[in-house]
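Counting starts at 1 for both ligands and their atoms, in listed order. Both backbone and side-chain heavy atoms feed into the values below; hydrogens, waters and symmetry mates do not.
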Amino acid sequence: KSESRQHNPKAAFVVIANRLAVERITDDDGEPAWRTSPGGLVTALEPIMKSKEGAWVGWHGAPDETLEPFHHDGIDMVPVPLSAEEVEEFYEGMSNATLWPLYHDSVAFPEFHREWWDAYVAVNRRFADAAAEVAEEGGVVWVQDYQLQLVPQMLREQRPDLKIGFFLHIPFPPQELFQQLPWRREVLQGLAGADLVGFQVPGGAANFLRLVKDRLGYETRRGEFVRPDGTKGRAGAYPISIDSQGFQDLANDPATIARAQEIRDDLDAEIVFLGVDRLDYTKGLRQRIRAFGELFTSGELDPEKAVFLQIATPSRERVEEYKRLRDDIELLVGRINGDMGRIGRSPINYLHSGYPRQEMAALYRAADVMVVTPLRDGMNLVAKEYVACRGSGDGALVLSEFAGAARELKQAWLVNPYDINGMKQAIVDAGSAPAADKRRRMRALRKQVFTHDIDHWAETFLKDLGLEA
Ligand code: ADQ
């Protein structure tokens with residue numbers, strides 16, 4: 001419900017993210033309208049946004065369109081315009097074809113283009129200006145993610161009165177990789193403009209601090225860094241999480257239970273393995289599918305009894321590397337099913353589509369083994385969502401050591417996704433583990449996910465940043 005009421009000219013709490021917290025829909029009367037985005041970040045920040053009369057600065061999703069700020073469901077939305085060319089250069093280029101692969105172990109080749117960088121600087125400047133305009137004197141600003149790494153320093157220069165937080169949702173690479181970036185100094189200075197720089201895991205914070213010391217020459221000590229003007233900032237780990245209770249409630253909804261049963265009936269298998277990922281080369285899909293192909297071929301998994309359901313959400317479809325990945329995956333799946341299937345039965349059930357949250361909860365409920373094997377992942381929320389949906393206390397999680405979540409979900413079957421044999425073994429072990437073993441592990445996993453949910457994440461970060469509740 002968008003209201004025509006004027007937005008507040010000033011906000012005490014401002015979130016800056018690449019995307020606004022709303023998406024455009026067509027309402028029942030066929031009119032264009034806004035709907036709050038379903039993501040966890042929005043859910044987590046909503047209560048604080050409302051109590052602080054907060055503002056959210058972000059792109060609204062349509063290129064070449066300038067919109068006035070508006071009020072939606074208790075939050076002031078401040079849309080930042082992007083031209084079609086900026087979407088290509090800042091978003092698809094610098095953000096998703098340079099920084100994304102570089103920060104994920106260079107598992108795909110990062111491309112460096114000077115025009116992309118220029119667009120990145122210009123767009124970061126626009127976001128910083130928009131936030132500087134709307135933040136009230138002494139307010140708190142929280143900048144999100146790798147698309148906006150220059151914003152903290154740009155804001156600090158304009159508005160030294162603000163408290164500035166930054167959170168990186170993806171890994172922060174070690175020096176050996178980060179050094180490739182032609183604009184490494186600028187990015188480090190940009191981040192170091194924040195009072196608190198948050199990472200998913202302690203390793204990311206350590207990589208950052210080491211670079212700030214070695215590349216910028218800042219003094220660093222026990223999580224603190226000192227800028228040339230003598231002011232200080234801090235870096236630390238704040239592992240993000242999910243709305244655990246919300247997922248559990250959704251999974252226990254009678255409609256979800258019925259839908260999960262329907263999925264089981266349709267799959268008609270004794271054991272269901274599930275993968276759910278954005279179709280992204282960091283998610284280890286090639287290796288995972290190869291492992292299942294070998295297990296079905298060797299008979300370690302019986303195609304008559306076991307099924308592997310892989311849900312791949314369409315993602316970044318205009319970026320070249322993602323088109324290639326989709327072709328590769330579909331070739332692999334088609335080949336395995338062609339060799340190992342029969343009429344009416346395919347060992348791999350592959351779906352290229354996004355689903356509502358309730359369908360996701362039904363899928364998690366329906367799966368005996370959840371297989372999460374990214375080559376590198378900041379956190380990985382799918383692993384936590386699966387755990388939250390297993391109120392029955394059974395189910396098994398196979399999880400890559402290279403997901404941030406592995407630090408917390410230690411009772412999963414942990415694997416190195418590059419080690420195909422090791423991964424095959426873990427998949428078989430998880431699938432055939434005694435019920436008591438699965439139950440013991442799931443109990444520990446659930447304890448972690450329920451004591452460390454998304455509210456815990458946001459509260460901890462904002463408290464450390466100095467925002468009074
Ligand atoms: P992502 O790389 O997108 O996030 P992930 O953490 O797994 O990865 O989050 C994916 C989200 O999308 C989950 O909430 C999941 O339920 C949802 N999703 C996936 N497939 C879907 C489908 N087919 N239909 C509907 N929903 C689907 C980035 C980082 C991660 C980090 C998060 C949060 O790469 O490492 O955990 O941000 O910080």
Notebook entry, point to check: Under 4.0 Å from any heavy atom of I311, which atoms of ligand 1 are there?
Noted result: 23 (N)
Next item on the list: Give the numbers and elements of all ligand 1 atoms closer than 4.0 Å to a heavy atom of G354.
Entry: 22 (C), 23 (N), 24 (N)
Item checked: Polar atom proximity, D277 to ligand 1 (N or O, under 3.5 Å) -> no
Item checked: Proximal atoms of ligand 1 relative to M379 (non-hydrogen, under 4.0 Å) -> 30 (C), 31 (C), 35 (O), 36 (O)
Notebook entry, point to check: Would you say atom 29 (C) of ligand 1 touches the protein, meaning some protein heavy atom is under 4.0 Å from it?
Noted result: yes
Notebook entry, point to check: Hey, would you say the H113 and W117 ring centroids sit under 6.0 Å apart?
Noted result: no
Notebook entry, point to check: Do NZ/NE/NH1/NH2 and the carboxylate oxygens of R288 and D277 come within less than 4.0 Å?
Noted result: yes
Next item on the list: Distance to 0.1 Å, residue and atom name: give those for the protein heavy atom nearest to atom 25 (C) of ligand 1.
Entry: Y355 O, 2.9 Å
Note to self: Please list, in number order, the atoms of ligand 1 under 4.0 Å from a heavy atom of Y364.
What the structure shows: 16 (O)
Note to self: Taking atom NZ as the centre, does K447 end up with more than 12 heavy-atom neighbours from other residues, nucleotides or ligands that are less than 6.0 angstrom away?
What the structure shows: no
Margin query: Just checking W142 against F166, ring centres under 6.0 Å apart?
Written below: no
Next item on the list: Quickly, which of L309, V369, D368 forms a side-chain contact (heavy atoms from CB on, under 4.5 Å) with F273? Name it, please.
Entry: V369
Notebook entry, point to check: For ligand 1, which part of L381 has a heavy atom less than 4.0 Å away: the side chain, the backbone, both, or neither?
Noted result: both
Next item on the list: Answer side chain, backbone, both or neither: which part of W457 comes under 4.0 Å from ligand 1, heavy atoms only.
Entry: neither
Check: Has R324 got more than 12 heavy atoms of other residues, nucleotides or ligands less than 6.0 Å from its CZ?
Finding: yes
Notebook entry, point to check: Nearest protein heavy atom to atom 11 (C) of ligand 1, by residue and atom, and its distance?
Noted result: E385 OE2, 4.7 Å
Note to self: Checking a contact table here: which protein heavy atom is nearest atom 37 (O) of ligand 1, and how many Å away?
What the structure shows: H169 CB, 3.9 Å
Next item on the list: Could you find the nearest protein heavy atom to atom 8 (O) of ligand 1 and give me its residue, atom name and distance?
Entry: K283 NZ, 3.2 Å
Item checked: Nitrogen or oxygen atoms of S353 and ligand 1 under 3.5 Å apart -> yes
Notebook entry, point to check: What about F308 and Y350, are their ring centers closer than 6.0 Å?
Noted result: no
Next item on the list: Show your reasoning for whether ring-ring contact (aromatic ring centres under 6.0 Å, His included) applies to Y103 and Y146.
Entry: CA-CA 9 Å; Y103 283 25; Y146 62 102; 7.3 Å; no
Next item on the list: Dump the intermediate steps for side-chain contact (heavy atoms from CB on, under 4.5 Å) on R126 and L82, then the final yes or no.
Entry: CA-CA 9 Å; R126 194 172 311 142; L82 290 184; 4.0 Å; yes
Check: What is the nearest protein non-hydrogen atom to atom 19 (C) of ligand 1, stated with its residue, atom name and distance?
Finding: T313 OG1, 3.6 Å
Next item on the list: Name the closest protein heavy atom to atom 34 (O) of ligand 1, giving the residue it belongs to and the distance to 0.1 Å.
Entry: D377 OD1, 3.4 Å
Checklist line | Which of the ligand 1 atoms, numbered from 1, are nearer than 4.0 Å to a heavy atom of V276 | finding: 19 (C), 20 (N)
Item checked: Polar atom proximity, H104 to ligand 1 (N or O, under 3.5 Å) -> no
Next item on the list: Please state which part of F167 comes within less than 4.0 Å of ligand 1, counting heavy atoms only: side chain, backbone, both or neither.
Entry: neither
Margin query: Whether R390 and D394 form a salt bridge (side-chain N of Lys/Arg under 4.0 Å from carboxylate O of Asp/Glu) is what I want to check.
Written below: yes
Margin query: Is the distance from the ring center of W457 to that of Y238 below 6.0 Å?
Written below: no
Next item on the list: Looking only at protein heavy atoms, identify the closest one to atom 10 (C) of ligand 1 and say how far it is in Å.
Entry: V382 CG2, 4.5 Å
Notebook entry, point to check: Which of the numbered atoms in ligand 1 are below 4.0 angstrom from a heavy atom of W100?
Noted result: 34 (O)
Margin query: Looking only at the side chains, is there a donor atom on one of D265 and Q261 sitting less than 3.5 Å from an acceptor on the other?
Written below: yes
Notebook entry, point to check: What is the closest protein heavy atom to atom 3 (O) of ligand 1, and at what distance does it sit?
Noted result: R278 NE, 2.9 Å
Checklist line | M360 and ligand 1 - part of the residue with a heavy-atom distance under 4.0 Å | finding: side chain
Next item on the list: Below 4.0 angstrom from a heavy atom of I240, which ligand 1 atoms are there? Numbered from 1 as shown, please.
Entry: 33 (C), 38 (O)
Item checked: Within reach of ligand 1, part of Q200 (heavy-atom separation under 4.0 Å) -> side chain
Note to self: Check this for me, if you would: do E92 and R316 make a salt bridge, where the nitrogen-to-carboxylate-oxygen distance has to be below 4.0 angstrom?
What the structure shows: no
Next item on the list: List every atom of ligand 1 that sits less than 4.0 Å from any heavy atom of G378, numbering the atoms from 1 in the order shown and giving each element.
Entry: 35 (O)
Item checked: R156 and D195 ion-paired at < 4.0 Å -> yes
Note to self: Any salt bridge linking K424 with E294? Criterion: basic side-chain nitrogen under 4.0 Å from a carboxylate oxygen.
What the structure shows: yes
